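First comes the structure, then the notes that go with it.
Here the structure is a predicted model, which is why all the values come from computation and not from measurement. Throughout, protein chains are lettered first and strands after them, A, B, ... in sequence-line order, and every chain is numbered starting at 1.
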Protein chains: 2
Amino acid sequence: MPFTAYDSETCSIARTLALVGDRWSLLVLRDVANGVRRFDELADHLGVARNVLSERLRRLTAAGLLDRVPYQDEGARARHEYRLSGPGRELAVLLVAFLTWGDRHLAGPQGPPAVIRHADCGAPVHVTLRCEDGHDLGPRPRLRLEPGPGSRPRA
Amino acid sequence: MPFTAYDSETCSIARTLALVGDRWSLLVLRDVANGVRRFDELADHLGVARNVLSERLRRLTAAGLLDRVPYQDEGARARHEYRLSGPGRELAVLLVAFLTWGDRHLAGPQGPPAVIRHADCGAPVHVTLRCEDGHDLGPRPRLRLEPGPGSRPRA
DNA sequence: CCAGCTGGGTTTCACAACACAACCCATCCG
DNA sequence: CGGATGGGTTGTGTTGTGAAACCCAGCTGG
């Protein structure tokens, strides 16, 4: 049963890409994960057009990756800020994977522009692949993608 | 030193996204990783416009993620196919991260549309975060992104 | 009490990226 | 010679993106 017999768009990779696979969504999530939670701060730090930011925040909120939380600074009116939801925090591994690859292949001679640490112990964090038999798969794993129970044949 | 004081684009996440952060590049790499190597097969399976596929293949090849390899079927003239290079294979962890998140949050009631297995032993593969102190960080890790040696302050 | 500032957006419009279909070209086969 | 492939390139409209202007509510200073 060749891989091409299965519908490309049904794949979880394709579905996840359809949600966050544009140039801004993951950067928005990165910034929110790092404490940048307000519209203006995000627009300013990312350099994204405000309408695009507005649309992305709406989309990520609707998809349940961000929560829109009211807050109130003293002497200011009530406003909203954006925080990672549970599913949003689970995208962290994806961000770490991006960062790790970029550090290995796109960093300049001075070294990586940023380092991710475990907030509890301060040690640098790495992403690894393991199979259920306990093998560590290393950086260039040999994988097979197989149809699962939710697969669909192509039209 | 707040996170916002550092340039957003210098980050390895941003750099990697600039390379593969569009709706097709990672799907092209997924298909190539699964043995779909020829232009027509890719265009047909992905449903991508041929000019877009052409441009993506050129870009991924130029960036060193794909190798353009000549081959010759019997009774046919010499042609090219695309294969993952070393750096390209290292993106596998990224694909697994996308797949895992999608399986957990976007799969239908029937279960995940695809399963990734270790090609050597056949067991399903998972992606995990570990810090250098040996802690397993679980699906919702607490992380800190800090400026590294290659960081740059913002303009 | 009115003017202005600030955070958090929405609207408008020009332009770049994309999708679709058609076309091209070299080569092999009959 | 005429067609059939694989592997693209070249149009032409449609969608997505970005810059800048505008809006609105509520505080703050005069």
How close or far is atom [atom2] of [N] from atom [atom1] of [X], stated in whole angstroms?
X	N	atom1	atom2	value
B:Asp40	D:dT9	CG	P	13 Å
B:Glu41	D:dG8	CD	P	13 Å
A:Arg79	C:dT6	CZ	C1'	6 Å
A:Phe39	D:dC23	CZ	C1'	13 Å

Side chains of [X] and [Y]: closer than 4.5 Å at any heavy-atom pair?
X	Y	result
B:Phe98	A:Val20	yes
A:Leu94	A:Leu91	yes
B:Cys11	A:Leu99	yes

Quick one: is B:Tyr82 getting a side-chain N or O under 4.0 Å of the D:dG8 phosphate, OP1 or OP2?
->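 So the side chain of B:Tyr82 is within the cut-off, an N or O lying under 4.0 Å from OP1 or OP2 of D:dG8.
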Would you please confirm or rule out a distance under 4.0 Å between OP1 or OP2 of D:dG6 and any side-chain N or O of B:Tyr71?
->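 Checking B:Tyr71 against D:dG6: no side-chain N or O falls below 4.0 Å of OP1 or OP2.
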Among [range], which residues get a heavy atom nearer than 4.0 Å to DNA chain C?
range	result
residues 42-51 of chain B	B:Ala49, B:Asn51
residues 13-26 of chain B	B:Arg23, B:Trp24
residues 53-68 of chain B	B:Arg56

For the residue pair A:Tyr71 and A:Arg79, confirm or rule out a side-chain donor-acceptor distance under 3.5 Å.
->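 Not at all, the side chains of A:Tyr71 and A:Arg79 share no donor-acceptor pair under 3.5 Å.
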Can a donor-acceptor pair be found between the side chains of B:Tyr82 and B:Arg68 at a distance below 3.5 Å?
->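 Distance-only check passes for B:Tyr82 and B:Arg68.
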Tell me the salt bridge (charged side-chain N to carboxylate O under 4.0 Å, His left out) pairs involving residues 102-122 of chain A, sequence neighbours left out?
->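 Listed by first then second residue: A:Arg104-B:Glu90, A:Arg117-B:Glu146, A:Asp120-B:Arg142.
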Tell me the salt bridge (charged side-chain N to carboxylate O under 4.0 Å, His left out) pairs involving residues 25-35 of chain A, sequence neighbours left out?
->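 Qualifying pairs, neighbours excluded: none.
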Taking the side chain from A:Trp101 and the backbone from B:Pro87, do they hold a donor-acceptor pair closer than 3.5 Å?
->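 Pair found, side chain donor or acceptor close to backbone of B:Pro87.
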Check the pair A:Asp136 / A:Arg130 against salt bridge (Lys or Arg N to Asp or Glu O under 4.0 Å), numbers first and verdict last.
-> CA-CA 5 Å; A:Asp136 244 312; A:Arg130 301 181 61 103; 3.4 Å; yes
Could you tabulate the donor-acceptor pairs under 3.5 Å formed by side-chain atoms of residues 51-66 of chain A, not counting sequence neighbours?
| residue | atom | partner | partner atom | Å |
| --- | --- | --- | --- | --- |
| A:Arg56 | NE | A:Asp22 | OD2 | 2.8 |
| A:Arg56 | NH2 | A:Asp22 | OD2 | 3.4 |
| A:Thr61 | OG1 | A:Leu57 | O | 2.6 |

For the student: nearest non-hydrogen atoms of A:His45 and B:Thr4, plus distance =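 Nearest pair, atom of A:His45 first, then B:Thr4: CD2-O, 3.4 Å.
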Which nucleotide, C:dC18, D:dG18, D:dG7, lies nearest any side-chain atom of A:Val52?
->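 The answer is D:dG18.
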